[in-house]
Amino acid sequence: MRTIVLDNEPIQALMRTGHAKHRVVMAHLAAVVARRRAGATVTAVVPTAVRVEAGWDRSDPHAAAINRLRTADHPLDATAANLAAEILRRTRLSVADAHVGAVVRSLHADDVVVLTSDPDDMVRAAAPKAITTIRI
């Protein structure tokens with residue numbers, strides 16, 4: 001099973017069709033859809049702290065297009081917050097990056113890919129779990 005985790009900049013790119021990286025991120029999500037259609041189990045998740053940082057309000061009518069992409073929220077609940085706090089102390093990354101790390105470490109996926117503009121930060125946040133990063 002593959003899970004795609006979206007970081008802040010990919011979300012910002014998805015929210016604005018004029019963003020320089022919009023097409024690149026859309027291509028990655030189109031690949032997710034294609035793999036699903038081929039029978040693969042592929043999920044796309046967004047840590048809620050990342051969604052807040054990017055300004056993605058799912059209830060905003062302007063978010064209709066991005067809401068159709070079938071990305072699941074991964075909430076910053078008590079368990080994720082405890083893990084993110086530990087990651088934050090260890091790495092001194094942002095809250096959103098620490099939440100990405102907590103999400104990655106909690107996933108039961110064999111293959112985790114993080115779309116990000118900061119691959120080194122994501123590797124640090126996810127450690128000791130191995131991930132694949134794609135620089136956006």
S.K.: Strictly by salt bridge (Lys or Arg N to Asp or Glu O under 4.0 Å), give each pair with a member in residues 105-120 just once, sequence neighbours left out.
M.R.: Arg2-Asp111, Glu86-Arg105
S.K.: Linking I/L/V/M/F/W/Y whenever their side-chain heavy atoms sit closer than 4.5 Å, directly or via other members, would Ile87 and Val95 fall into one cluster?
M.R.: no
S.K.: Using atom types as modelled, flag every donor-acceptor pair under 3.5 Å from a side chain in residues 29-40 to any protein atom, sequence neighbours excluded.
M.R.:
residue: Arg36; atom: NE; partner: Val42; partner atom: O; Å: 2.9
residue: Arg36; atom: NH2; partner: Val42; partner atom: O; Å: 3.4

S.K.: Would you sort out whether Val100 and Thr116 count as a side chain to side chain contact (heavy atoms under 4.5 Å, CB included), showing the intermediate values?
M.R.: CA-CA 10 Å; Val100 170; Thr116 182; over 6 Å; no
S.K.: Could I get the full list of side chain to side chain contact (heavy atoms under 4.5 Å, CB included) partners for Ala81, not counting sequence neighbours?
M.R.: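 For Ala81, the residues satisfying side chain to side chain contact (heavy atoms under 4.5 Å, CB included) (neighbours in sequence not counted) are Leu76.
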S.K.: Decide whether Leu88 and Ile131 are clustered together by the hydrophobic rule: side chain heavy atoms of Ile, Leu, Val, Met, Phe, Trp, Tyr closer than 4.5 Å, transitively.
M.R.: no
S.K.: Please list all pairs meeting salt bridge (Lys or Arg N to Asp or Glu O under 4.0 Å) that have one or both residues in residues 124-136, counting only residues at least two apart or in different chains.
M.R.: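 Listed once each, the pairs are Asp121-Arg124.
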S.K.: Are the side chain of His74 and the backbone N or O of Val46 linked by a donor-acceptor pair below 3.5 Å?
M.R.: no
S.K.: What distance separates Asn8 CG from Leu115 CG, expressed to the nearest 0.5 Å?
M.R.: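 If we round to the nearest 0.5 Å, Asn8:CG and Leu115:CG are 12.5 Å apart.
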S.K.: For residues Val114 and Val24: do they belong to one hydrophobic cluster (side chain heavy atoms under 4.5 Å, members Ile, Leu, Val, Met, Phe, Trp, Tyr)?
M.R.: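 Cluster IDs for Val114 and Val24 match.
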S.K.: Which pair of non-hydrogen atoms, one from Ala125 and one from Leu93, has the smallest distance, and what is that distance?
M.R.: CB-CD1, 3.7 Å
S.K.: Using atom types as modelled, flag every donor-acceptor pair under 3.5 Å from a side chain in residues 64-71 to any protein atom, sequence neighbours excluded.
M.R.:
residue: Asn67; atom: OD1; partner: Trp56; partner atom: NE1; Å: 3.0
residue: Asn67; atom: ND2; partner: Arg58; partner atom: O; Å: 2.8
residue: Asn67; atom: ND2; partner: Ala63; partner atom: O; Å: 3.3
residue: Thr71; atom: OG1; partner: Arg58; partner atom: NH2; Å: 3.4

S.K.: List the atom of Pro75, the atom of His99, and the distance in Å for their closest heavy-atom pair.
M.R.: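 Answer, listing the atom of Pro75 first, then His99: O-NE2, 3.5 Å.
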S.K.: If you group Ile, Leu, Val, Met, Phe, Trp and Tyr by side-chain heavy-atom gaps below 4.5 Å, do Met122 and Leu83 land in one group?
M.R.: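 No, Met122 does not connect to Leu83 through the hydrophobic network.
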S.K.: May I ask whether Ile4 and Met15 are part of the same hydrophobic cluster, defined by side-chain heavy atoms of I, L, V, M, F, W, Y residues being less than 4.5 angstrom apart, directly or through others?
M.R.: yes
S.K.: Decide yes or no for Leu6 and Val50: does some side-chain heavy atom of the first lie under 4.5 Å from some side-chain heavy atom of the second?
M.R.: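 Contact flag for Leu6/Val50 side chains = no.
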S.K.: Which heavy atom of Ala80 sits nearest to which heavy atom of Ala102, and what is that distance?
M.R.: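 Smallest interatomic distance, heavy atoms only, reads O-CB, 3.7 Å.
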S.K.: From Ile11 CD1 over to Ile136 CD1, what is the distance, rounded to the nearest 0.5 angstrom?
M.R.: 10.5 Å
S.K.: Can you name the closest pair of heavy atoms from Ala98 and Ala84 and give their distance?
M.R.: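 Minimum heavy-atom separation between Ala98 and Ala84: CB-O, 3.4 Å.
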S.K.: Quick one: salt bridge (Lys or Arg N to Asp or Glu O under 4.0 Å) partners of Glu9, sequence neighbours excluded?
M.R.: Lys21
S.K.: Any heavy-atom pair between the side chains of Pro10 and His28 that's under 4.5 Å?
M.R.: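 No, their side chains stay 4.5 Å or more apart.
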S.K.: Considering all heavy atoms of both residues, which atom of Ser94 and which atom of Glu53 are nearest to each other, and what is their separation?
M.R.: OG-OE2, 4.1 Å
